[in-house]
2 protein chains.
Amino acid sequence: MSSAPDDHSLDMLIRKLESIATLSDEERQAIRSLPAKTRVLQPRQDIVRDGDKPSQCCLILDGWAYRYKLIGGGRRQIFSFHVAGDIPDLQSLRLHTMDHSLATLTQATVAFLPHESLRDLTTRFPSLTAILWRDTLIDAAVFREWMTGMGRRDAFERIAHLFCELYLKLQAVGLAQSYRCPLPITQVDLGDALGLSNVHVNRVLQEMRGRGLITLHSGTLVIEAWDELMRACEFDPTYLHLEKRAAA
Amino acid sequence: MSSAPDDHSLDMLIRKLESIATLSDEERQAIRSLPAKTRVLQPRQDIVRDGDKPSQCCLILDGWAYRYKLIGGGRRQIFSFHVAGDIPDLQSLRLHTMDHSLATLTQATVAFLPHESLRDLTTRFPSLTAILWRDTLIDAAVFREWMTGMGRRDAFERIAHLFCELYLKLQAVGLAQSYRCPLPITQVDLGDALGLSNVHVNRVLQEMRGRGLITLHSGTLVIEAWDELMRACEFDPTYLHLEKRAAA
DNA sequence: CGCAGATTTGATATTGTTCAATCCTAGTGG
DNA sequence: CCACTAGGATTGAACAATATCAAATCTGCG
């Protein structure tokens, strides 16, 4: 359950941070020395809940997680999807009350990082503070892009845009290549993420398949026509602020 | 154009930060000593544009600003509205390329804070880094709430929710009281912020007036029935993370 | 084989959009 | 003091995108 000093679970975090910034050896070492309690969680299990006041952050080591909020009438809004290397609740380091929930999507391995250790890390390495801050700012940039989708893009564009985004995010940390990536997200989830009904998501996916843009089954997405898909939703990856810009 | 050492334009920033955190005398003093070039801008004037790489941040001293992004087909998404004390483009300190634009809504007085000075400030005062980080995290929390609105709330709830939010934000920095606040936002702007057409915004506003919930004219919003308005949109101010929680 | 969860389909209902006027109001110049 | 103007607000009618509901159908798995 506790990480041995020589396992490399924190390398996922390093890889992620290196996709959005540059790390020095010293910084890498400092991250590796973070204490982390590792745990395997079942699918669809809450990690932190709306209203909680957590004293640790959750680093995803394997599998997928998502953030969401429930409102009246059984409605749900999903804010983000997360994969290995992400710390989806990093904001809890500075916002003490959760205003939404975090849960696993698939079975997942996660590491818990005590706030205390993270605060200590930021005290000793202001340059790491800057990088973690940057990470949360990119998080916000992605929110803005989703807002643009829900406010001003139609269903087709929204879904296409999300696919482009997820592919690049996965590719940036080595979890995707050749326009193929895991996508263990149900159509209901997609709807709740994009402000659509599952029925409509289904119909749009069929259209995307019919136009030869994507293949999607058994949890694998293949983007068959990247350029056309990108053009169809006016995708511009600037907002991901990736250090090593991925293929366009 | 340059601020004299004894004018108090930076007090707006102090007041804002004190609405979300606690400042020490030393920190207040450090903020006051920031160099700031003050300028008066006309309404509807861009301050920073999508794609820019700014070397300064913009502090609003008076008037309103908003952040937005233009996409194809003349569509526009507004992400936020800002008032005195806000630094709407604080994220540019860590994200070097703007992925959206910032503009004045009304005539506005703004102060430009060089990135260099802000970085220097954060180096000397890690506790201020924490507070500025927190501010950007609250920004993101508001985005999440707007996402929830656009994804899962109907037009009435969205508008009501925005009114509750703006009132509390203004009240927190002393710009509103007695359920009355300035609201120099056109119906077109409201639509572009909430993912609605101006026509529909207009109709919903009429309904809100008809139900005796609000009064809105000549740029002034009066919330006539706070409790009912809040209930109608399930407003919960937690996400604003205000230090001194406002009246509920 | 037989669920349980996920996807797909069809029919119908709604919410909100679009387009095109018209009205209103504060500010302007005479 | 008033006609004039421009931006904003309001209205009506037709339309479109998407939701809802309910019933199959499919798929991986024990």
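Every heavy atom of this structure was used, including side-chain atoms; hydrogens, water molecules and symmetry mates were not. Each chain gets a letter, A, B and so on, in the order the sequences are listed, and its residues count up from 1. Please read these numbers as outputs of a predicted model, since none were measured by experiment.
- For B:N198 and C:dC19, the CG to C1' distance is 11 Å, given to the nearest whole Å.
- The neighbour count for B:Q45 CD, taken as heavy atoms of other residues, nucleotides or ligands under 6.0 Å away, is above 12.
- Listed pair A:Q187 / C:dG5 fails the phosphate criterion, with no side-chain N or O lying under 4.0 Å from OP1 or OP2.
- Ion pairing between a basic and an acidic side chain is recognised when a charged N comes within 4.0 Å of a carboxylate O; B:R75 and A:E234 show such pairing.
- Atom CG of A:L194 is separated from atom P of D:dT18 by 12 Å (rounded to the nearest Å).
- Checking the phosphate oxygens (OP1, OP2) of C:dT17, no side-chain nitrogen or oxygen of B:R75 falls inside 4.0 Å.
- Rounded to a whole Å, the CG atom of B:L216 is 12 Å from the C1' atom of D:dG8.
- Ranking C:dG16, D:dC21, D:dT18 by closeness to the A:R158 side chain, first place goes to D:dT18.
- Among the atoms of the strands shown, only primed sugar atoms or phosphate atoms (P, OP1, OP2) are found under 4.0 Å from some heavy atom of A:L196.
- Distance, A:L190 CG to C:dT7 C1': 12 Å, rounded to whole Å.
- At the heavy-atom level, B:G195 lies under 4.0 Å from the strands shown only through sugar-phosphate atoms.
- Between A:N202 and C:dT7 there is no side-chain N or O to OP1 or OP2 distance below 4.0 Å.
- Side-chain rings of B:H161 and B:Y239 approach one another, their centers coming within less than 6.0 Å.
- Nucleotides of DNA chain D nearest to A:V199 and A:S218 differ in position, and the one nearer the 5' end is that of A:V199.
- Contacts of B:S197 with the nucleic acid, taken as non-hydrogen atoms under 4.0 Å apart, include base atoms.
- Spacing between atom CZ of B:R203 and atom P of D:dA14 amounts to 13 Å, rounded to whole angstrom units.
- Per the geometry, CD1 belonging to B:I185 stands 11 Å off P belonging to D:dA9, to the nearest Å.
- Residue A:R153 has no polar side-chain atom (N or O) positioned under 4.0 Å from OP1 or OP2 of D:dA17.
- Between the CZ atom of A:R44 and the C1' atom of C:dA6 there is a distance of 11 Å, rounded to whole Å.
- Considering only the side chain of A:H200, D:dT18 comes nearest among D:dG8, D:dT18, C:dC19.
- For the pair A:T104 (side chain) and A:R44 (backbone), a donor-acceptor distance under 3.5 Å is present.
- For the pair A:D189 CG and C:dG5 P, the interatomic distance rounds to 14 Å; values are reported in whole Å.
- Between the side chain of A:Y167 and the main chain of A:Y179, a donor-acceptor pair closer than 3.5 Å is present.
- Among C:dC19, D:dT18, D:dC21, the nucleotide with an atom closest to any side-chain atom of A:A155 is D:dT18.
- Place A:L205 and A:R152 on DNA chain C by their nearest nucleotides, and A:L205 ends up nearer the 5' end.
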Report the C-alpha distance between B:H100 and B:Y68 in whole Å, list the side-chain angles of each, state the deciding distance to 0.1 Å, and finish with yes or no for ring pair (Phe, Tyr, Trp, His ring centres under 6.0 Å).
CA-CA 6 Å; B:H100 62 283; B:Y68 71 96; 8.5 Å; no
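- Listed nucleotides: D:dA9, C:dC19, D:dT10. Nearest to the side chain of B:T186: D:dA9.
- Taking 4.0 angstrom as the limit, B:Q206 places none of its side-chain polar atoms (N or O) nearer than this to OP1 or OP2 of D:dA9.
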